[in-house]
Amino acid sequence: MLPKVWPAIEYLHANTVEMPVYWEQLEPEPGRFDYSVLDTLLAQARDHRVHLVLLWFGTWKNGSATTCQNGPSDRPSVFPG
């Protein structure tokens, strides 16, 4: 994952990277969680000795956290008002 990013970080002598993580990556369908993207990012950051700042977003759209597809507002039976 991100094969061009890590060499660029090393070239810049950076020690910290901000990386977006979207809800759809973590919960691709209601009730089924997939941590593989997050696990991979953490492992690669450790391998490259880089601090990782995770930017959590509810949707893909512009990284906007104002609405969360398949989130609480879409599932009132699971998350009552």
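One is the number of the first residue; the rest follow in order along the sequence. Because the structure is a prediction, the values reported are computed rather than measured.
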**Prompt:** With sequence neighbours excluded, what pairs up with Thr16 under the side-chain hydrogen bond (donor to acceptor under 3.5 Å, both in side chains) test?
**Reply:** none
**Message:** Taking side chain to side chain contact (heavy atoms under 4.5 Å, CB included) as the definition, give me every residue that meets it alongside Leu54, ordered by chain and number, with sequence neighbours left out.
**Reply:** Val21, Leu38, Leu52, Trp56
**Item:** Qualifying residues under side chain to side chain contact (heavy atoms under 4.5 Å, CB included), relative to Pro20, sequence neighbours excluded
**Value:** Tyr22, Phe57
**Fill in**
Across all chains, not counting sequence neighbours, the side chain to side chain contact (heavy atoms under 4.5 Å, CB included) partners of Phe33 are Trp23, Leu26, Glu27, Tyr35
Atom pairs and distances, side-chain donor-acceptor, residues 43-50, under 3.5 Å, sequence neighbours left out:
residue: Gln44; atom: OE1; partner: Trp6; partner atom: NE1; Å: 2.8
residue: Gln44; atom: NE2; partner: Met1; partner atom: O; Å: 3.3
residue: His48; atom: ND1; partner: Gln44; partner atom: O; Å: 2.8

